[in-house]
Amino acid sequence: MAEAAVSFVVERTAGILEEIDFHTDVRKHVERLQEELVRMRCFLKDAEAKQDDDDRVRNWVSDIRNVAYDAEDLIDTFLLRMESLKKNHFFKRSASVFKEWKHRSNIANELLHIQGRIVNISASRETYGIRNIGEGISTARERLRKLRRSSPRREEKDIVGLDEDIDKLVKQLVKTDDQWHAISIVGMGGIGKTTLAKKVYNHGDIEARFPSRAWVYVSQEFSSKDLLEAIIKQVGSPRRKLESLGEEELEGILFEHLRRKRYLVVLDDVWSIEAWNSIAKAFPDRSNGSRVMLTTRKNGIALKADAQSIPYHLHLLSEEDGWMLFCKKAFIHNNDSYGSPHKMCGLPLAIIVVGGLLSTKKNLGEWKRVLSNIHSLFGREADGVSAILALSYNDLPYYLKSCFLHLGQFPEDRLIPSHKLYRLWIAEGLIPQQGERMEDVAEDYLNELIERNMVQVAKWSVNDRVKQCRLHDLLRDLSLSKAKAESFHEIQGCQNLQPSAKSRRHAIYSTFQWPQCKYSDPQLRSLLFFRVDHNQSQVNYYINDPYKMEVSDLDYIGKSFKLLRILELEGIPCSKVSSIIGVLIHLKYLGLKETNLQEISPSISSLRNLQTLDVAANLHLKIIPNVIWKLIKLRHLYMCGHKYGGPLRVDTLLHLQVLSEINVEKWMQNNPAKLTSLRKLGIRGNFSFKATEIFDSILALVQLQSLYLRAEDADFPPLTQLSALQNLIKLHIRGTVRQLPSSHEFPPNLTQLTLEHTHLKQDSVRVIENLPRLLILRLKAHSYDGQKMTISVNGFPQLEFLEFHSLECLEELNLEEGAVLRLRSFRIINCANLKMLPEGMKSLGALRELDIEEMPKAFVDRVRGEDFYKVQHVPSILFV
């Protein structure tokens with residue numbers, strides 16, 4: 001993580017050198033500092049791998065992290081002082097010139113001092129035996145590798161919840177398909193991949209099908225030569241001495257042994273593409289049904305090994321199976337239960353460890369002591385739960401380590417919106433500012449953490465993108481322990497402890513009495529407030545909310561944390577943001593969503609580094625100061641779209657990507673053609689007045705991909721002009737539409753359409769069913785007023801997702817032959833008068849999910865009973 005801190009400061013200084021007009025002497029020192037840090041970064045990977053074994057190395061890494069942080073503090077404080085001098089009145093200018101000279105002189109001296117510290121730290125490197133990248137291996141990791149070495153001969157006796165997995169994998173391996181395949185078992189550490197692989201490997205059908213079998217343990221520190229030798233010894237009787245042969249010779253020998261037989265080779269615990277590539281050529285494809293089976297924590301390795309095989313994802317145990325496994329381990333000698341820990345959350349390794357510990361405890365007091373110290377117990381053994389999960393963390397590149405640790409700040413079991421996470425990561429500086437769009441890079445980072453089974457997907461969007469994510473409790477514990485060791489962040493929860501001065505990020509839970517326990521931390525960069533009370537929806541925000549943020553509390557934040565980059569207050573009531581906010585010139589993220597905000601100071605105009613401003617869901621905020629146009633780095637602006645107040649200029653925001661929502665009158669006061677980066681737009685108001693001009697202004701947005709239109713006080717005018725939006729893929733219309741455009745007058749590349757309060761009839765269905773690229777259609781409340789809906793022959797040729805939500809008038813749905821043939825997911829919610837599913841459901845062979853929510857009992861009973869033949873082919877039918 002010191003590598004992450006150093007890399008951040010290197011990028012920060014590069015950006016500052018481009019933006020700030022330093023005097024020559026200061027610029028020279030900043031450039032020298034940057035060079036020294038780049039040089040230091042070369043040794044950090046080796047050092048961080050060794051720090052678990054050697055306190056001296058751990059201290060050396062800590063020294064680097066601290067000097068990087070000190071350099072960042074020095075630069076940010078200098079910029080803060082220079083900004084304050086710019087605000088001085090004219091008659092103070094002469095004094096300001098002297099102060100500016102003094103500040104520049106001081107920073108030059110302090111930069112020299114920091115450079116001296118870096119030289120001293122670098123000189124001590126050889127004393128601690130720290131070498132360059134890629135040299136050496138942690139003895140702790142080598143010790144763990146030996147402890148974890150797997151063998152198919154040592155099978156677990158108490159297996160629970162794997163019978164179905166074993167059957168599926170055995171069938172997949174022995175099926176008569178003669179084509180060669182590599183089949184991968186994928187899942188997080190401790191979930192039972194190796195256990196499952198052993199049961200499959202030793203299955204009678206597998207032994208009969210594959211006369212030649214081999215099992216090798218790969219791990220993070222693999223040797224291609226050792227792997228090849230181990231496989232050869234298991235599948236043949238080599239006449240030559242293998243130890244004296246090179247890799248190419250071993251590869252040839254193995255190839256010859258395997259090509260004459262149908263074989264199964266298991267590669268257990270594969271961590272890298274390189275490990276697979278190093279031996280893949282030795283596996284012949286003789287079209288005789290041979291197989292390779294891998295276990296891995298990474299989905300990408302599975303796809304690389306065989307893009308034609310779907311990775312077999314092993315899931316956490318159900319509550320019932322988890323309890324059964326726990327009982328088998330904990331009650332070896334008796335059946336006296338004193339409770340079970342909730343922290344295990346279906347992870348077999350954790351259940352086995354805890355069950356084994358409790359099996360030796362004889363009374364309630366001993367059980368309570370174990371259950372209250374689970375986290376420390378997990379970390380006690382060299383091959384314990386924490387150590388095994390930590391392997392995944394240690395394998396992360398430094399930029400993903402930072403993102404993983406950042407996730408630990410969110411409360412336990414909290415569902416984390418992905419787009420909010422991306423904005424926070426960008427504001428934190430965790431996403432590099434290179435050629436690619438930062439939001440796309442952030443999404444790639446989250447997907448890689450998911451692919452490595454470090455983060456769980458809580459909710460997918462209908463177009464298969466991550467909408468919400470979460471951390472497994474044990475991985476969150478790992479994140480918190482690593483964050484504490486690295487001083488990455490601290491959480492203020494129930495204990496009301498004073499935070500460490502070293503931590504630069506604080507998460508404040510609503511159980512922490514913030515108003516009574518204020519503290520000052522000049523180096524703090526991130527302050528996230530979270531509501532964690534379970535009755536949040538019942539709290540009266542406006543009168544006596546116990547977590548209300550007073551104006552004096554916000555003033556205290558402005559005075560005490562002047563280097564803040566992130567301030568998140570979502571859900572914490574605060575009626576006013578005063579002028580003190582303008583002091584936080586480094587602020588990049590200001591989250592004020594759903595705070596009952598009623599007034600915001602014009603001094604936000606000083607936040608020139610702000611990237612995200614979120615004041616959405618504040619119904620009492622009538623006026624937003626007309627200073628937003630000064631926030632030239634703004635990328636995301638979320639508002640309520642009120643028509644009240646004066647003008648609101650935004651057309652100077654060349655980096656703005658999201659604007660949601662703005663009133664149409666305020667929108668028309670701008671020149672949208674200047675918003676060249678805008679990709680997502682939400683507008684509400686009366687579109688009937690100057691309709692042509694309004695739609696022309698939208699057409700000027702050449703990058704626009706998502707558009708939300710909400711008509712108020714009048715119906716929508718004709719929407720035919722939208723056909724010119726070539727890049728638009730997502731359209732949401734709310735408000736009465738007298739007549740939809742014809743299908744060829746819609747945006748040509750539209751893939752998602754949501755209609756709400758449009759009051760359409762059957763003739764409109766005939767229009768939208770002919771949209772050639774439409775994949776997703778949502779019909780929400782009052783979008784359709786007809787009692788009967790018919791989807792014509794070959795209607796919706798590409799549609800994959802269909803949602804009916806609160807269609808109160810709909811009584812009958814008919815699907816003609818060939819309609820919605822590609823439909824994969826159909827969701828029916830609160831359509832109280834819909835009598836039954838259409839007969840045409842039988843023909844929907846691609847349908848995989850049918851969700852029926854908040855529907856009358858008679859409808860549900862009919863689906864489960866007399867109409868079940870219509871949907872018996874659907875794998876997943878959910879009733880809520």
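Just so you know, residue 1 is the first one in the sequence shown, and it goes up from there. Quick note: numbers below take in every heavy atom, side chains included, and nothing from hydrogens, waters or symmetry partners.
For Q433, the CD atom counts as loosely surrounded, since its 6.0 Å shell holds 12 or fewer non-hydrogen atoms of other residues, nucleotides or ligands. Heavy-atom neighbours of R465 CZ from other residues, nucleotides or ligands within 6.0 Å: at or below the threshold of 12.
At distances below 3.5 Å, at least one donor-acceptor pair connects side-chain atoms of S479 with backbone N or O atoms of F404. Under a 3.5 Å cut-off, the side chain of R525 and the backbone N or O of Q523 do form a donor-acceptor pair. A distance-only check finds a donor-acceptor pair linking the side chain of H586 to the backbone of D76 [under 3.5 Å]. D553 contributes a side-chain N or O that, together with a main-chain N or O of E550, makes up a donor-acceptor pair within less than 3.5 Å. At least one donor-acceptor pair closer than 3.5 Å links the side chain of S605 to the backbone N or O of P602. No donor-acceptor pair under 3.5 Å is formed between the side chain of N671 and the backbone N or O of S697. The backbone N or O of D63 sits nowhere less than 3.5 Å from a side-chain atom of N66 that would complete a donor-acceptor pair. A donor-acceptor distance shorter than 3.5 angstrom exists from the side chain of R531 to the backbone of G571, with no hydrogens or angles considered. Distance alone, capped at 3.5 Å, places no donor-acceptor pair between the T77 side chain and the L74 backbone. Side chain of T612 to backbone of Y589: no donor-acceptor contact under 3.5 angstrom is found.
With sequence neighbours left out, L446 forms a side chain to side chain contact (heavy atoms under 4.5 Å, CB included) with S418, L421, Y422, W425, I450, V455, V466, C469. Applying the ring pair (Phe, Tyr, Trp, His ring centres under 6.0 Å) criterion to Y556, with sequence neighbours excluded, gives no partner residue. Applying the ring pair (Phe, Tyr, Trp, His ring centres under 6.0 Å) criterion to Y638, with sequence neighbours excluded, gives no partner residue. Qualifying salt bridge (charged side-chain N to carboxylate O under 4.0 Å, His left out) partners for K420, counting only residues two or more places apart in sequence or in other chains: E568, E570.
Closest approach of A483 to H489, counting heavy atoms only: CB-NE2, 3.4 Å. Shortest non-hydrogen contact noted between K680 and L704 is N-CD1, 4.0 Å. Minimum heavy-atom separation, A458 to L415: CB-CD2, 3.5 Å. Nearest heavy atoms, L554 versus I580: O-CG2, 3.9 Å. Q468 and P417 get closest at one heavy-atom pair: CG-CA, 4.3 Å.
Geometric assessment of R505 against the ring of F488 yields a positive cation-pi assignment under the 6.0 Å and 45° thresholds. By the 6.0 Å and 45° rule, R414 does not stack over the aromatic ring of F530.
In the model, K633 has a side-chain atom that pairs as donor or acceptor with a side-chain atom of N609 under 3.5 Å. H636 and Q611 share no side-chain donor-acceptor pair at under 3.5 Å.
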- Hey, mind stepping through D555 and S578 against side chain to side chain donor-acceptor pair (under 3.5 Å) and telling me if it holds? CA-CA 7 Å; D555 287 351; S578 66; 2.5 Å; yes
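A salt bridge (charged side-chain N to carboxylate O under 4.0 Å, His left out) check over residues 609-631, counting only residues at least two apart or in different chains, returns nothing. Here salt bridge (charged side-chain N to carboxylate O under 4.0 Å, His left out) pairs that include residues 643-665, with residues two or more places apart or in two chains, are K643-D713, R649-D651, E661-R684.
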